[in-house]
Amino acid sequence: MVDVLKNLHIVSDDYDIEKLYDIRIENGYICEIGENIDISNSYVVECNGLFAISGLIDMNCCIGDPGFEHIEDIETASMSASKGGFTTLTCQPSTNPAIDNKAVVDYVISKSGVYSLVNILPYGSMTMGCLGKEISEIGEMYKMGIVALSDGGNSIKDTGLLRNIFKYSKIFDLPVITRCDDTNISGGGVMNEGYMSTLLGLKGIPKEAEEIVVARDIVLAERTGARLHISAVSTEGSVQLIREAKKRGVNVTCETSPQYFTFTEESVKGYNTLFKVKPPLRTDRDRKSIVEGIKDGTIDVISSLHTPATADGKDEVFDSAEWGISNLETAFPVSYTYLVETGEITLESLVEKMSINPAKILKLEKNCINVGAKANMTIVDIENSFTVDSEKFYSKAKFSPYDGMSLKGDVKYTVVNGKIIC
């Protein structure tokens, strides 16, 4: 099957973004790019000036399969991802059973090959059951195809154990992805600690619960030479610690997610559980620091941090409501609207954060729009606004703090391994 995408602006250093190009796809690869190419014997998709960017790659997604399929499964996560422009998802290992051995890795890869519309790459858990007690079967999982090590949303308390994991990861050149949360400090907190938590009578999570662990993990990476990737960065202090570490030459990268540069703790007013996310929404000063970190390159990646929850779990009083956000279908439009439309960064820079840099960190095949490259692309409309309607999400988690908001950057087509998904 030969497909031609007609009249596209291509976001790439190799092409003039002002011009319109046609892209021919054959056998899963881009075989021709040009102006007014021959469309005979081809299935043609008229794009009328839409923008083609290299396929989005999500570095932080909870799929829930195996064990939590009632919340999200591989099929619904992939449908949601394709609607949001992601051609590749990574799968956090905090499932049930956890992705801590080669059999579960094989299950995820095999099931994804049958039921997923997008590429799904599993992370292997650093510890058995993601419990932070003993090292998992890293070598066996590496042979089966994991692309990184993580314990999902759990932070490893045992520094000696984590140090050994860092050292062991170097054998396989796998990035170690850490979530930074000192639970001895954060305890039973449900929102950012500060004026708002006091006003609302809710137990707070201090910023130092994140920043202390960020500092520890940076020291371990600096001493061991391991590849550290810090997920879910939410505070000014964390951004500064990572910025300083990079200046010293530490092999550290990091990511944040849209809620941390769009909302603040003020959103929790009214005890709205849609804003109960972990780490919690911080202050406006933190939000501005996240934006600065994105602009100056301290923050390498913007991920969805898609953390689905049940409707009943969200429909509770704030203290007992489930953490979570349904973000796969809004991550790119929110990022485009709040970062590119506002002039904070360029569209090219956003593509780096959501496509190019994730591919580099995970050492995937080069992700680009060029002849000979695998056809993984996201086709977006940056001109017209649309209104978020979470009831229409493909994800099972049909809730969103962005519900009813007007955004730009609507995804029209997602092209995965040459297949055009509408």
Side-chain angles (χ1 to χ4, degrees), residues 1-39 41-47 49-59 78 81-90 109 112-113 116-121 145 147-148 173 175 253 300-303 331-332 336 346-382 409 411-422:
M1 180 68 177
V2 178
D3 296 318
V4 174
L5 298 168
K6 279 198 68 67
N7 295 316
L8 285 161
H9 297 282
I10 298 178
V11 182
S12 167
D13 290 340
D14 297 318
Y15 298 94
D16 184 347
I17 197 170
E18 299 297 328
K19 290 184 178 180
L20 290 175
Y21 297 92
D22 303 337
I23 302 175
R24 184 189 298 278
I25 300 168
E26 189 170 2
N27 297 322
Y29 288 84
I30 298 171
C31 61
E32 184 180 359
I33 298 175
E35 300 176 60
N36 299 312
I37 65 176
D38 181 16
I39 60 172
N41 301 315
S42 301
Y43 174 74
V44 178
V45 177
E46 176 56 64
C47 294
L50 297 175
F51 282 70
I53 62 178
S54 52
L56 305 181
I57 299 172
D58 191 11
M59 285 192 67
S78 78
S82 65
K83 182 64 182 75
F86 289 100
T87 59
T88 299
L89 291 183
T90 54
I109 292 174
S112 299
S116 179
L117 297 174
V118 303
N119 304 302
I120 294 183
L121 306 173
V147 295
D173 193 26
T253 54
D300 306 88
V301 172
I302 297 172
S303 68
F332 179 81
Y336 181 84
T346 63
L347 177 56
E348 290 85 349
S349 180
L350 181 59
V351 173
E352 283 186 359
K353 306 291 183 185
M354 299 189 73
S355 176
I356 307 301
N357 289 348
K360 289 179 180 177
I361 292 166
L362 297 174
K363 295 202 167 180
L364 307 180
E365 183 178 344
K366 188 176 181 182
N367 203 31
C368 64
I369 299 177
N370 234 322
V371 174
K374 188 168 284 188
N376 287 312
M377 294 177 285
T378 306
I379 313 302
V380 298
D381 178 357
I382 65 172
V411 175
K412 296 300 185 182
Y413 304 100
T414 302
V415 185
V416 183
N417 302 326
K419 183 177 181 181
I420 301 172
I421 303 169
C422 301

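Only heavy atoms go into these numbers, but all of them, side chains included; no hydrogens, no water, no symmetry mates. No experiment lies behind these values; they were computed from the predicted model shown.
- In this structure the side chain of Val416 never reaches within 4.5 angstrom of the side chain of Leu117, judged on heavy atoms.
- When the side chain to side chain donor-acceptor pair (under 3.5 Å) test is applied to Asn7, the partners found at least two apart in sequence or on another chain are Glu46.
- In this structure, CG on Asn357 lies 8.5 Å from OG on Ser349, to the nearest 0.5 angstrom.
- Scanning for side chain to side chain donor-acceptor pair (under 3.5 Å) contacts around Tyr29 gives an empty result, with sequence neighbours left out.
- Within the 3.5 Å criterion, the main-chain N or O of Lys19 finds a donor-acceptor partner in the side chain of His9.
- Counting only heavy atoms from C-beta outward, the side chains of Ile302 and Phe332 never approach each other to under 4.5 Å.
- The list of salt bridge (Lys or Arg N to Asp or Glu O under 4.0 Å) pairs with a residue in residues 350-364, not counting sequence neighbours, reads Asp173-Lys363.
- Across every non-hydrogen atom of Ala52 and Ile379, the tightest pair is CB-CD1, 3.7 Å.
- Residue Leu362 holds its CG atom at 9.5 Å from OG1 of Thr88, rounded to the nearest 0.5 Å.
- Across all non-hydrogen atoms, the minimal contact from Cys368 to Ala373 is O-CB, 3.7 Å.
- Judged as a side chain to side chain donor-acceptor pair (under 3.5 Å), and not counting sequence neighbours, Thr378 has no contacts.
- At least one side-chain heavy atom of Ile420 sits less than 4.5 Å from a side-chain heavy atom of Val415.
- Of all heavy-atom pairs spanning Ile109 and Gly145, the tightest one is CD1-CA, 4.4 Å.
- Taking Asp16 as the reference, nothing meets the side chain to side chain donor-acceptor pair (under 3.5 Å) condition, with sequence neighbours excluded.
- When all heavy atoms of Ile361 and Met59 are compared, the closest pair comes out as CG2-CE, 3.8 Å.
- Atom CG of Asp3 is separated from atom OH of Tyr43 by 7.5 Å, given to the nearest 0.5 angstrom.
- Every residue two or more places apart in sequence or in another chain was checked for a salt bridge (Lys or Arg N to Asp or Glu O under 4.0 Å) with Asp381, and none qualifies.
- Between Ile53 atom CD1 and Leu347 atom CG the span is 6.5 Å, to the nearest 0.5 Å.
- The CG atom of Leu50 sits 9.5 Å away from the CG atom of Leu5 when rounded to the nearest 0.5 Å.
- Between the side chain of Ser42 and the main chain of Val44, no donor-acceptor pair closer than 3.5 Å is present.
- Under the 4.5 Å side-chain criterion, counting only non-hydrogen atoms from C-beta, Ile369 is in contact with Ile30.
- Val380 has its side chain out of reach of Tyr336: every pair of non-hydrogen atoms, C-beta onward, lies at least 4.5 Å apart.
- Residues Met377 and Ile25 meet the side-chain proximity criterion, which asks for heavy atoms closer than 4.5 Å.
- Rounding to the nearest 0.5 angstrom, the gap separating the CG atom in Leu89 from the CG atom in Leu121 is 8.5 Å.
- Inspection of the Asn417 and Asn119 side chains reveals an N or O donor paired with an N or O acceptor under 3.5 Å.
- A donor-acceptor pair is defined here as one N or O able to donate and one able to accept, closer than 3.5 Å; such a pair exists between the side chain of Asp22 and the backbone of Ile37.
- The closest donor-acceptor contact from the side chain of Asn376 to the backbone of Gly55 lies at 3.5 Å or more, if one exists at all.
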